[in-house]
Amino acid sequence: MGHSPASLRIAAAVQAAESAVVLVATVLAAVDTAAGRSYHRSSGIALTVIGVAVAAALALVAMGLARARRWSRTPALLTQLFFGIVGIYLLQSRRLDWGVVSVVLAAAGFAAVLAPPSLRALVGREGARPEQRQTGQGRTEQARTEQARTEQARTEQARTEQAQPGPGRPAGGASRRRSARPGAE
């Protein structure tokens with residue numbers, strides 16, 4: 001975890017806090033179910049099981065962020081989106097206690113995951129732009145592309161010079177050779 005940037009460690013901490021919030025809400029739902037205050041006992045049990053599973057999944061994503069795993073970026077961003085939407089809904093319902101926490105966590109999570117150092121750490125070498133990618137010999141992809149363009153330009157120039165009539169050459173290129181393409185004589 002020491003090799004990941006600070007913004008990514010903040011993103012992991014936010015993700016872990018969101019996992020804790022979901023777990024607290026799950027425990028409250030379980031207590032209400034056990035006390036008989038759930039609309040249906042079976043729906044309260046199902047909500048509790050789903051809540052525990054979601055809290056565990058969010059904790060797994062937090063661990064992925066802390067270790068700079070590429071797979072953790074999209075689930076983390078989707079978590080922030082979900083938390084922001086739920087937070088706005090809670091604020092509109094005048095549940096400021098949960099709503100403010102949700103919106104603040106979502107904003108902090110988005111900012112931390114989308115910070116350039118976090119994105120660089122999560123994208124890694126394989127996701128780098130082609131001009132930044134290293135080839136086997138240590139040259140960049142950009143250098144290889146430029147070399148290929150230079151060779152292509154030289155080839156085109158040589159063809160153009162060959163096609164121009166010169167002293168002792170008929171117009172149209174080399175003397176009476178047949179074209180390599182079938183039917184193009």
Side-chain angles (χ1 to χ4, degrees), residues 1-136 140-142 145:
M1 192 160 106
H3 66 280
S4 61
S7 59
L8 197 54
R9 291 191 301 268
I10 291 169
V14 168
Q15 187 77 24
E18 289 167 340
S19 175
V21 167
V22 169
L23 190 60
V24 167
T26 300
V27 168
L28 292 174
V31 168
D32 283 348
T33 300
R37 291 186 295 237
S38 181
Y39 181 68
H40 287 290
R41 185 174 181 88
S42 60
S43 66
I45 293 170
L47 184 62
T48 301
V49 170
I50 291 170
V52 169
V54 168
L58 294 180
L60 182 66
V61 172
M63 288 188 322
L65 286 172
R67 294 180 179 143
R69 300 287 189 240
R70 292 181 57 175
W71 60 264
S72 64
R73 180 181 55 176
T74 300
L77 289 172
L78 289 174
T79 301
Q80 307 322 312
L81 180 65
F82 176 74
F83 252 75
I85 291 169
V86 169
I88 291 169
Y89 173 77
L90 289 168
L91 289 173
Q92 290 174 343
S93 301
R94 295 193 174 100
R95 294 296 311 256
L96 297 179
D97 49 352
W98 290 87
V100 170
V101 169
S102 296
V103 169
V104 167
L105 284 174
F110 265 126
V113 172
L114 294 175
S118 295
L119 289 177
R120 278 193 297 274
L122 290 173
V123 170
R125 249 178 106 173
E126 293 174 19
R129 292 181 299 195
E131 64 268 11
Q132 295 173 336
R133 209 174 291 146
Q134 293 288 323
T135 62
T140 63
E141 189 71 27
Q142 182 181 17
T145 302

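- Among residue pairs with one or both ends in residues 42-59, none qualify as salt bridge (charged side-chain N to carboxylate O under 4.0 Å, His left out); sequence neighbours excluded.
- Taking the side-chain hydrogen bond (donor to acceptor under 3.5 Å, both in side chains) definition, one finds that Thr79 meets it with Gln15, sequence neighbours left out.
- Taking each heavy atom of Gly99 and Leu91 in turn, the nearest pair found is C-CD2, 3.8 Å.
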Distance-only donor-acceptor pairs under 3.5 Å for side chains of residues 28-36, two or more places apart:
{"from": "Asp32", "atom 1": "OD1", "to": "Arg37", "atom 2": "NE", "distance (Å)": "3.2"}
{"from": "Asp32", "atom 1": "OD1", "to": "Arg37", "atom 2": "NH2", "distance (Å)": "3.0"}
{"from": "Thr33", "atom 1": "OG1", "to": "Ala29", "atom 2": "O", "distance (Å)": "2.9"}

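- Residue pairs that meet the salt bridge (charged side-chain N to carboxylate O under 4.0 Å, His left out) test with at least one member in residues 97-116, sequence neighbours left out, are Arg95-Asp97.
- Listed by first and then second residue, the salt bridge (charged side-chain N to carboxylate O under 4.0 Å, His left out) pairs that reach into residues 44-65 come to none, sequence neighbours excluded.
- Among Leu58, Val27, Val52, the single residue meeting the side chain to side chain contact (heavy atoms under 4.5 Å, CB included) criterion with Val22 is Leu58.
- For Ala59, the side chain to side chain contact (heavy atoms under 4.5 Å, CB included) partners are Ser19, not counting sequence neighbours.
- In this structure, Ala112 and Ile10 approach most closely via the heavy-atom pair CB-CG2, 4.0 Å.
- Across Ala11 and Leu65, no two heavy atoms sit closer than the pair O-CD1, 3.8 Å.
- Arg69 pairs by the salt bridge (charged side-chain N to carboxylate O under 4.0 Å, His left out) definition with nothing, not counting sequence neighbours.
- Here Ile85 pairs with Leu81 under the side chain to side chain contact (heavy atoms under 4.5 Å, CB included) rule; sequence neighbours left out.
- Here the shortest heavy-atom pairing between Val14 and Ala108 reads CG2-CB, 4.1 Å.
- Not counting sequence neighbours, the partners of Val21 by the side chain to side chain contact (heavy atoms under 4.5 Å, CB included) test are Phe83, Trp98, Val101, Leu105.
- The side-chain hydrogen bond (donor to acceptor under 3.5 Å, both in side chains) check on Ser7 picks up Ser118, with sequence neighbours excluded.
- Atom CD1 of Ile50 and atom OG1 of Thr26 lie 9.5 Å apart (nearest 0.5 Å).
- In this structure Ile88 satisfies the side chain to side chain contact (heavy atoms under 4.5 Å, CB included) test together with Gln92, Val103, sequence neighbours excluded.
- One finds the CG atom of Leu8 at 9.0 Å from the CG atom of Leu119 (value rounded to the nearest 0.5 Å).
- Shown here are the side-chain hydrogen bond (donor to acceptor under 3.5 Å, both in side chains) partners of Glu18, two or more places apart in sequence or in another chain: Gln80.
- Summarising the geometry of Leu122 relative to Ser72, their closest heavy-atom pair is CD2-OG, 3.8 Å, with the distance given to 0.1 Å.
- Here the closest heavy-atom approach between residue Gly87 and residue Ser102 is recorded as CA-CB, 3.5 Å.
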